[in-house]
Amino acid sequence: MKEKKKTMTKNDDEEVPFPPENLPSPSVSDYEDSSAHDGESSDSLDSQSESEFEDGSPDNGSSGDLESAENESSQDEDIVNDGDGGNESSDIHQDGAESDSSEDEVAPRNTIGDVPLKWYEDEPHIGYDIKGKKIKKKEKQDKLDSFLANVDDSKNWRKIYDEYNDEEIQLTKDEVKLVRRLLKNRAPHSDFDPYQDSVDWFKWEDAKHPLSNAPEPKRRFIPSKWEARKVVQYVRAIRKGLITFDKPKEEDGPYHLWGDDSGSTEKANHLSYIPAPKQKLPGHDESYNPPLEYIPTQEEINSYQLMFEEDRPKFIPKRFTSMRSIPAYENAMKDCFERCLDLYLCPRVRKKRLNIDPESLKPKLPSRKELKPYPITCYIEYKGHEDAVTSISVEASGQWMASGSSDGTVRVWEVETGRCLRQWEVGEAVNCVAWNPLPDIHILAVSVGQDVLLLNTCLGDEEEQKRIKELLWVDSSTASDDSGNKAPTVSWLKDDKHMGLRLRHFKTVTAVEWHRKGDYFSTVMPADILFESVLIHQLSKKLTQKLPFKLHGLAVRSTFHPSRSIFFVCTKKSVRVYDLLKTKLIKKLDTGLREASSIAVHPGGDNLIVGSKEGKMCWFDMELSSKPYKIIKCSPVDINNVIFHRSYPLFASCSDNCTAYVFHGMVYSDLNQNPLIVPLEFLRGHTSSNGRGILDCKFHPRQPWLFTAGADKLIKLYCH
Amino acid sequence: MVKAVKHYRPPGKKKEGNAAKFVTRSQALKQLQISLPLFRKLCILKGVTPREPKKKFKGTHQTYYHVKDVAFLHHEPLVEIHRAIRVHERKIKKAEAKKNHERATRLREKTPKPKIDRIIRQRYPRFVDALGELDDCLTMVHLFAALPASESKKIEVECVHKCRRLAHEWQAFISRTHKLRKTFVSVKGIYYQAEVEGQTITWLTPHSLQQVVSDDVDITTMLNFLQLYEPLLSFVNFRLYQSINLKYPPILDPRLEALAADLYALSRYASANTRSSVVNSEVSQAESEQAETKLKEAETGNETSELRLAQLQHQLPSNEPGALMHLVDEVTGEDEEDQDTKECKKLFKNMKFFLSREVPRESMLFVIPAFGGIVSWEGEGAPFGESDQSISHQIVDREAQGHRFLSREYIQPQWVYDCVNAQIILPTESYLVGRTPPPHLSPFINYDEEGAYIPDYAKTIQHLQAAARKEILPLPGVGKEDLEDPQNLLVEGVKDRAEANDAAQRKQKMMILEKQYHDDLKKELQGVTYTSAGSKETSTGVVQLQTGESTSNVQENVDDMGKLMLSRKKRKLLEAMEKSIKRKQAKNDLVKHRKKKIDEAQGQRS
């Protein structure tokens, strides 16, 4: 097939090159197929049209494949034309071509009518002629022959096989043209003009005679009565007002709207009207030609990409060398729209913009110079402990200082020289140490694990020593008596190793606090619940009492009133104040803290401070209220201890961020005057270890000095 | 057992607190029985904004309106009118569906129109109130004046034209009464600031280029605003025009209008209208008028050609009653003018400008007359041509020039704006064509603030201003022409700065010395303690430390200590303040840093 096409295009000399896609190739293939099918039966049937095609082609003789059997003149005889009958047929064709009108004479080549061809597929004949003879089918050419014939024939592409009549038709040039026009959806005849001018065949003008010759009627010249009536009707309706007209539209232009300004100053609705804030005025950076320093460098612009979208600057300054090069601002519409949204969708709130110096917010505090003396600088470091120093205590005279450490030692230092006087190995980590407040009784209470040791420090003269030894002597029989009487809360034992007493508790003791008279002391076991977490011991009688109150919450610390028989128990959330003589609750102070860690009472007795693990310190004025008078947030981490100075108006706190805060805390005797609190100094110097900073701090009893015990194994003394 | 509902309110008991005072938007819609778009429109027109109740009882994501605001909308006749409009639209639709076009058009004509004037009066009871909130109005109207009308975006041609007209009328008024104070050419457009009746009004006009209406903008919202702003501006214009005795809807020369020189036409209208009275009274002493120089302001202006005047006068009600009154008004008006206005009027006096084609004409035609200059442009309808010998300045933005006149200066448009902002005539050298002009600075920046960064050019301008104000010559024995020489002045500025720098350095040195001295003193003191402490030391592992904290550390300590005693609220406030100060400082530092870098780079190059 391909080959064929090629030849066709080659041989196309008289035609415009036929585009291969326009080829009626299906019909050609049809033809080939059918020729293959009925190759053996060749009925010599021919048509007039066939002959027409034939004569269009000058070199028809060579087309051997085309069976053109003519029975134009003699239809009664069956002529079986073979391949060699080509020449004859061409002659006959020429005859036929002359008589185009002789179509009627042509015998029906196919007499089967409208019957499907399929029925005759296997028959050698196709229908019958007028005499009742079978009309034989044309003999089919074999493929090779037909192919050879096709190759040679340049007109081959024009041939179409007509299956119904069982013949091959060659299209003439005109017919091809016609087909092409049809393919292009044009009128088949080239002569046909689809856009011809319309001709008005009937001309009205210049017509000699009118269509109607009737004279003009009278009614054309007189006013219509009915119209007049209608008019009258309308006029009456208008007069009566039944019909109204649209008033001419009046353009309501501007007028003097604010005629009298004076009267209406207030708004109709009484809600306060807040005018919209004006838009921010542009700065240098929005100029079309800003100073060079306002234009970000390329690196800065690149770095904007790394920012979060909301942080990114919305406007990047640009520089244009002349005004004519400024482009249109692409966001003009959007900016305006956003302003509109702000105007009608944003709630308007009048906000006071403080245009003040931030310094003025800070309260006016008295100058620190006036509040001197207070500890400022680190003066002495006491080195010797091998682990964090958990607790320190200063002797009443201020000459000695005891310290307990988690390495299991208790040391006594001389304050002024820093000499380590004595050392006890207690075996366990020391929780708390406390000197007896009486200057002549040099007893040290040390809480070690579940025990409280009362140690004789061997200071003082002979007489004092004797008294101390008496105090620290315990009869083992009495001890056993105690244990026999009731369930022993605490057992008083003799401690031979350290020459003292051992009070055995059944829970870990965290805090020991002496009464001012040196006879009583209290211990706190926070692990215990309810009653027995706070105990009061009497040294002289070797007695132990439970606190006769129910505690709410876990006790953290306890302390005695500096002058009266009042006892403070600090639980995690609140501070309870008890009268020990009347055995009743006097006051409950609400700290509002999450977890209190320490408590200290002002020597006056009416004020106390509570430190907490969230870094807050509450100052309570008990005369004032049960709520804190002031809460000072001084450190971001735990406060470990708070302490008042005994004589100076100072108090301090120490916390885990290695800082001790020293405050001036003046309490006036005039009850109307609130206590004055002034922060004075941050004492730094300790280093953190294991996340813990300063574990304990104590004031010197007579000097404005502060001892701090750090987790870094050091004790420091800060002096004024 | 019935579980009590949270916030249970027993029947018959009224709501209390915030729940009684505020309603959410959806509740408001339900109460008003209107659609959301209409509600929005009403809010825009009536100026009702959401409120911020203390307690948001329906959640934080809701918008709350005050009950009184909703009632205020409820009583609004506009609601009724909009309902009527909706009904009407339905009728039109029906008529059109029935192909009854006549009825449809008739109905369309009869569509009720909402009236805004009452609302304007309600929102702005006094004229001053309206002026005070004119910023957004002007910006919007100027933007719409520059927009392309488009069917799909519902921007109608009439709307654009009206905006254009209103904007020009406003500009003509400002220009004529010399109320303009500041101008600023930014990337976003040109900012103008005027002072009318004590109100500072700032507005932005887009650059006269094709504006793009982006799709992410809800144009209906903007049109709603415009529905309010258009009449507002026309009422304001009416009032303003009346205040200078002009008939308000001005009648313009159609020829100029066709040439899109509306502003010029308006100014001509204004001057001609006042002049008509002047001419009537002064007809006897008519002077010989120059034929061609037509445009003059009222005070200079008896020079308008008779021909033009006649043309205008047949449109204008020429013989108004009380022509003399006008004259009197003019005189009194001049007396009332404040100092600023007088100064502004004089700035470009006796200067004649000519604009080349590439210069933004509208802006220039607005600005230059506002400061007393005379201006013409290249093109038809211009009052005078380029060849006029009396032109003193020609404003060009391009290097290519045909014929250069020696009698005039060729300057870039930025010069005009900078002069206006500085309120002095700046030297033209650096603004000449072909040179890169000095930076254009924003006039809205206040340099008084402490630590504010002042660009170099601002300093130069300040220097020039000072020189102009005091009429003091920069150097004795030097002519006045030197004052206009920027190089000289720049050098002066540099000298001054150098001096200042020197002084600062000296001061710093002194400070350092002083500090050193103090430190020494301190060390001495501490040394004494050191020795005294050392004597007490024993061998038991006691180490004495001296902790001399640096002064800065102490200062920081003091600061922190003050903070300790603050209440939480104040502490937070303080922290916020410190943060904002820091941010501002950082911004300033960045600019300074860049400046330093640029200076260094320049130093290396030279």
Side-chain angles (χ1 to χ4, degrees), chain A residues 253-254 257-258 261 264-265 268-269 271 275 278 281-284 286-294 318 321-324 326 328-330 332-334 336-337 339-340 343-344 346-349 358 361-363 365 377-384 416-420 632 634 679 682 685, chain B residues 43-44 49-52 66 68 72 117 121-122 125-127 133 135 140 143 185-189 206-207 209 211 213-214 217 221-222 225 234-235 238 358 397 413 436 439-442 444-445 455 536 538 540-545 547 557 561-562 564-565 570 574 577-578 591 594-595 598:
Chain A
L257 187 63
W258 294 277
D261 269 4
S264 55
T265 44
N269 65 333
L271 291 173
K278 298 203 168 187
L281 290 173
H284 295 319
E286 279 188 32
S287 166
Y288 87 96
N289 181 15
L292 279 174
E293 55 266 32
Y294 281 90
K318 252 192 214 164
T321 45
S322 66
M323 266 191 80
R324 112 190 102 93
I326 311 174
Y329 181 56
E330 68 269 21
M333 222 26 200
K334 211 177 165 193
C336 193
F337 175 60
R339 173 68 178 169
C340 286
L343 281 178
Y344 89 100
C346 288
R348 293 180 192 170
V349 180
L361 277 176
K362 292 176 186 167
L365 294 173
T377 54
C378 180
Y379 184 62
I380 298 176
E381 277 184 2
Y382 303 90
K383 278 185 177 172
E416 297 210 349
T417 60
R419 187 163 60 92
C420 181
I632 303 165
C634 46
F682 301 163
Chain B
C43 284
I44 289 169
T49 56
R51 306 260 167 179
E52 197 93 314
H66 200 280
K68 275 189 180 173
F72 183 48
D117 48 351
R121 184 69 206 265
Q122 212 170 32
R126 289 171 303 154
F127 181 56
E133 294 195 35
D135 285 16
M140 179 93 111
L143 175 68
V185 185
S186 89
V187 176
K188 293 181 179 173
H207 291 298
L209 291 160
Q211 293 294 326
V213 185
S214 54
V217 166
T221 306
M222 299 184 79
F225 270 98
S234 67
F235 280 114
F238 183 88
E358 69 276 4
D397 206 357
T436 318
H440 182 57
L441 300 174
S442 166
F444 305 118
I445 296 273
K536 284 180 186 173
T538 54
T540 48
V542 175
V543 175
Q544 200 276 339
L545 270 188
T547 50
N557 270 357
M561 250 161 246
L564 273 186
M565 296 310 294
K570 276 195 173 171
L574 187 72
M577 281 168 102
E578 274 170 358
V591 171
R594 279 188 205 142
K595 173 73 185 164
I598 291 167

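Just so we're clear, the structure is a prediction, and the values are computed from it rather than from any experiment. In what follows, every chain begins at residue 1, and chains take the letters A, B, ... in the order their sequences are listed.
B/Ser214 places none of its side-chain heavy atoms less than 4.5 Å from the side chain of A/Phe337. Looking only at side-chain heavy atoms (C-beta outward), A/Pro291 and B/Leu441 come within less than 4.5 Å of each other.
Closest approach of B/Glu52 and A/Pro347 over heavy atoms only: OE1-CG, 3.4 Å. Here the shortest heavy-atom pairing between B/Pro50 and A/Cys346 reads CD-O, 4.0 Å. Summarising the geometry of B/Arg121 relative to A/Leu257, their closest heavy-atom pair is NH1-O, 3.2 Å, with the distance given to 0.1 Å. When every heavy atom of B/Val213 is checked against every heavy atom of A/Met333, the shortest pair comes out as CG1-CE, 4.0 Å. Closest non-hydrogen pair, A/Ile326 versus B/Val187, comes out as CG2-O, 4.4 Å.
Note that the OH atom of A/Tyr329 and the CG atom of B/Leu143 stand 12.0 Å from one another [nearest 0.5 Å]. Atom CH2 in A/Trp258 sits 12.0 Å away from atom CZ in B/Arg126 (nearest 0.5 Å). To the nearest 0.5 angstrom, B/Asp135 atom CG is 8.5 Å from A/Leu281 atom CG.
In terms of the side-chain hydrogen bond (donor to acceptor under 3.5 Å, both in side chains) criterion, B/Ser442 has no residue partners (sequence neighbours excluded). For A/Pro282, the side-chain contact (heavy atoms from CB on, under 4.5 Å) criterion is met by A/Glu286, B/Phe184, B/Tyr191, B/Phe444, not counting sequence neighbours.
For chain A, the option among B/Val591, B/Leu574, B/Asp397, B/Thr49 with the highest count of heavy-atom pairs below 4.5 Å is B/Asp397. When the candidates B/Thr436, B/Ile44, B/Val185 are compared by the number of heavy-atom contacts under 4.5 Å with chain A, B/Val185 comes out ahead. Highest contact tally toward chain A, considering only B/Lys188, B/Glu133, B/Lys570, is held by B/Lys188 [criterion: heavy-atom pairs under 4.5 Å].
Heavy-atom distances place both the backbone and the side chain of B/Pro455 under 4.5 Å from chain A. Proximity to chain A involves both the backbone and the side chain of B/Phe235, based on heavy atoms less than 4.5 angstrom apart. Heavy atoms closer than 4.5 Å to chain B are found in both the backbone and the side chain of A/Pro275. Only the side chain of A/Arg339 comes within less than 4.5 Å of a heavy atom in chain B; its backbone stays farther off. Only the side chain of B/Ile598 comes within contact range of chain A, with heavy atoms under 4.5 Å apart.
A distance-only check finds no donor-acceptor pair linking the side chain of B/Ser234 to the backbone of A/Pro254 [under 3.5 Å]. Judged by distance alone, the side chain of A/Arg324 and the main-chain N or O of B/Glu358 form no donor-acceptor pair under 3.5 Å.
By the neighbour-count criterion of 12 heavy atoms within 6.0 Å, atom NZ of A/Lys278 is densely surrounded, having more than that number from other residues, nucleotides or ligands.
B/His440 and A/Tyr288 have tilted rings, their planes meeting at an angle from 30° to 60° on a 0 to 90° scale.
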(request) Carefully, step by step, assess B/Met140 and A/Cys340 under the rule side chain to side chain contact (heavy atoms under 4.5 Å, CB included). (result) CA-CA 9 Å; B/Met140 179 93 111; A/Cys340 286; 3.4 Å; yes
